[in-house]
Amino acid sequence: MTLVARSLPTDTMIVVDGQRVQARIGESLASALLTTGRWAALYCGMGACYTCQVTLDGRPTLACLERVRPGMVVDSMSDR
Amino acid sequence: MMERVDVLIVGAGSAGLSAAAETTRHGLATMLVDGRSSAGGQFYARPHADPLEGLPEELLAGIDVERLELRLGTSAWGVFDNRAVGLSRPGASEVIACDALVIATGAMERPQPFPGWDMPGVIAAGGMQLLVKESGVAPIGRVIVAGTGPFLLPVAAQLRVAGADVHDFVEAMPRRRLAGLLPALLRSPDRAREGISYARALRGVRMHFGATIAAAEPGVLALSSGERLPWDVLCIGHGFVPRLDLARLAGLAIAGGAILVDDRLATSRSGVFAAGEVTGVGGAPLAAVEGRLAGLAVAECAGRWTALSEVRFRSARKTRARLLRFARSLWATYGAFPPLALATPETTLCRCEGVTLGDIQASSSFWLPEEGARAAKAMLRCGMGPCQGAMCLAAVTSAVSSRSQADWAEPRVRPPLGTVTVGEIGDTAAAL
């Protein structure tokens with residue numbers, strides 16, 4: 001289920017659940033995850049509901065408040 | 001040894017930035033923290049840039065960067081005695097002492113549970129707007145913007161500009177009641193122009209007034225009017241509510257769902273001020289002027305008040321009164337729904353723990369009404385998930401009792417707020 005599409009080209013790679021995916025530096029991590037089509041766990045988008053909590057480089061993190069940096073390693077927790 | 005600053009401001013949106021402009025201008029060493037990676041809050045969300053780049057001049061006017069320590073990606077997880085505040089960012093945590101604390105944590109989307117609001121593809125209007133503004137994405141497929149409140153108009157307009165197929169716009173308020181806004185709009189020409197620009201941007205969108213959401217089903221949105229609208233992405237908004245978690249943690253008096261402040265923005269706790277939408281939702285310009293007032297009040301407490309401060313204070317107070325009048329006319333027209341207005345027994349109230357209204361009703365015979373939300377928490381785990389009740393407190397409280405939330409004692413909130421690792425907190429234990 002792909003909910004959103006980018007208007008600008010991607011310029012980096014991040015790792016999501018062991019797979020390399022294209023992303024854009026500075027977009028929100030939630031945006032990068034939504035464009036993969038394999039993740040749709042966004043509700044409030046402003047850090048209140050915790051629906052979008054993922055593990056980023058080993059630490060629990062809200063995807064909506066985080067911006068994409070090259071080489072991020074994300075466990076989307078979608079199998080839990 | 002605990003680090004000390006003159007002023008600590010939590011929240012770098014319109015209110016926090018304006019407060020920092022006044023405190024630094026008055027020579028006070030100020031730390032400004034925000035969980036996001038850039039300043040400006042929800043309203044000035046923008047593509048990734050330098051923290052202060054792209055913010056309007058009037059918001060930054062007067063900020064003395066020499067006296068400002070801006071810490072982004074940093075959230076407050078605790079408020080302790082003597083205004084010591086626990087701060088954390090990934091990998092590090094510390095406790096900062098301050099003479100004055102300004103809480104400017106803003107507002108969040110009002111949670112309005114309805115059948116299907118926890119389905120994938122249902123996204124809060126504010127969250128969707130942030131995706132568009134910060135990340136340059138647009139929703140795909142057939143988009144519906146639904147709920148109530150003036151905020152839905154700019155969201156729908158911005159989604160269209162971003163290229164989204166906004167097919168339907170559903171506003172619970174009947175069309176004829178929009179006329180109630182006319183007097184306020186005539187007094188605020190800028191807002192009137194804004195309204196006209198939204199009407200232009202929404203040309204061609206099917207408008208449904210006076211209808212509420214009955215249920216979101218896979219691919220179909222059922223309205224109270226009986227209409228059934230196909231959807232791929234559903235943007236929901238029912239207004240905003242103050243974000244009170246830090247205020248509750250600090251033990252501040254709360255009234256009517258907002259931090260109680262006097263006309264100097266001082267809270268019930270000495271040395272603690274609150275500014276912006278945590279004191280009542282009224283938009284970014286009102287938040288900015290409240291930030292100025294709070295910053296000036298802090299300067300007065302610190303003995304830095306000058307004749308010029310007095311002039312600025314009087315002018316800001318007048319502006320605040322004018323903006324409050326406009327905000328109140330909006331509230332009078334749009335009005336909030338009761339927390340369970342759209343919920344059915346099958347509706348999830350506590351999203352974190354998956355507890356429905358029916359679950360609560362079925363077990364309510366096991367507790368006394370006075371035990372209220374606490375009993376529901378103990379028995380059903382409502383409010384024990386990661387959001388700590390931010391999304392369900394109002395609804396669960398309504399579900400356990402017919403009494404209004406105002407009659408209930410404020411829930412106890414304990415540190416840490418948000419996500420902090422044991423390692424990070426361990427570093428700070430010594431300071432406490």
Side-chain angles (χ1 to χ4, degrees), chain A residues 1-12 14 22-70 72-78 80, chain B residues 34-38 41-42 45 47-49 73 75 90-91 106-109 111 117-132 134-141 143 162-164 232-233 236 240-241 243 245 351-352 385-388 390-392 418-421 423-424:
Chain A
M1 173 180 226
T2 308
L3 298 177
V4 301
R6 286 186 194 88
S7 57
L8 295 163
T10 57
D11 55 6
T12 192
I14 61 173
Q22 306 250 337
R24 187 171 170 82
I25 295 170
E27 72 176 322
S28 80
L29 180 55
S31 159
L33 293 172
L34 284 171
T35 54
T36 66
R38 297 195 300 267
W39 183 91
L42 187 74
Y43 181 67
C44 84
M46 51 178 73
C49 76
Y50 284 71
T51 306
C52 70
Q53 186 159 284
V54 297
T55 302
L56 168 63
D57 299 332
R59 187 188 192 268
T61 302
L62 296 180
C64 68
L65 296 184
E66 200 65 41
R67 304 269 194 161
V68 165
R69 296 181 305 272
M72 280 178 153
V73 178
V74 181
D75 176 349
S76 75
M77 325 252 294
S78 50
R80 260 155 275 180
Chain B
D34 197 292
R36 309 185 76 86
S37 56
S38 59
Q42 315 286 344
H48 200 47
S75 44
M108 62 174 214
E109 206 87 37
W117 75 309
D118 48 349
M119 273 168 49
V122 181
I123 298 180
M128 182 53 87
Q129 187 196 40
L130 283 174
L131 280 175
V132 172
E134 286 185 344
S135 303
V137 296
I140 305 175
V143 179
D232 295 301
V233 175
I236 297 298
F240 291 85
V241 289
R243 283 188 82 161
D245 41 7
R351 300 168 61 102
C352 299
C387 91
Q388 286 290 291
M391 301 301 286
C392 73
T419 306
V420 189
T421 66
E424 289 159 6

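Numbered from 1 within each chain, the chains take letters A, B, ... in sequence-line order.
When heavy atoms are compared at a cutoff of 4.5 Å, A:Thr51 approaches chain B solely by way of its side chain, counted from C-beta outward. If you measure heavy-atom distances from B:Ser38 to chain A, the contacts under 4.5 Å come from the side chain alone. Using a 4.5 Å cut-off between heavy atoms, A:Arg6 touches chain B through backbone and side chain atoms alike. Contact annotation for A:Leu34: only side-chain heavy atoms (C-beta onward) come within less than 4.5 Å of a heavy atom of chain B. For B:Met391, the part sitting under 4.5 Å from any heavy atom of chain A is the side chain, from C-beta outward, and nothing else. Heavy atoms of B:Pro139 lying under 4.5 Å from chain A belong to its backbone as well as its side chain.
Considering only heavy-atom pairs separated by less than 4.5 Å from chain A, the leading option among B:Ala390, B:Pro90, B:Gly126 is B:Pro90. Counting heavy-atom pairs closer than 4.5 Å to chain A, the top residue among B:Glu109, B:Arg243, B:Arg36 is B:Arg243.
Annotation for B:Thr419 and A:Arg59: closest pair O-NH2, 3.2 Å, computed over non-hydrogen atoms. Heavy-atom minimum distance, A:Met46 versus B:Gly127: CE-N, 4.2 Å. Of all the heavy atoms in A:Ser28 and B:Glu134, the pair that sits closest is CB-OE1, 4.3 Å. Minimum interatomic distance between A:Tyr50 and B:Gly418 (heavy atoms only, all atoms of both residues): OH-CA, 2.9 Å.
For residues 36-43 of chain A, heavy-atom neighbours of chain B at less than 4.5 Å comprise A:Ala40, A:Leu42, A:Tyr43, sorted by residue number.
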Go through it in stages, so that I can follow the logic: the residues are A:Leu3 and B:Ile123, the test is side chain to side chain contact (heavy atoms under 4.5 Å, CB included), and I'd like the CA-CA distance, side-chain angles, deciding distance and then a yes or no. CA-CA 10 Å; A:Leu3 298 177; B:Ile123 298 180; 4.1 Å; yes

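In this structure, the side chain of A:Ser31 does not engage the main chain of B:Leu131 through any donor-acceptor pair within 3.5 Å.
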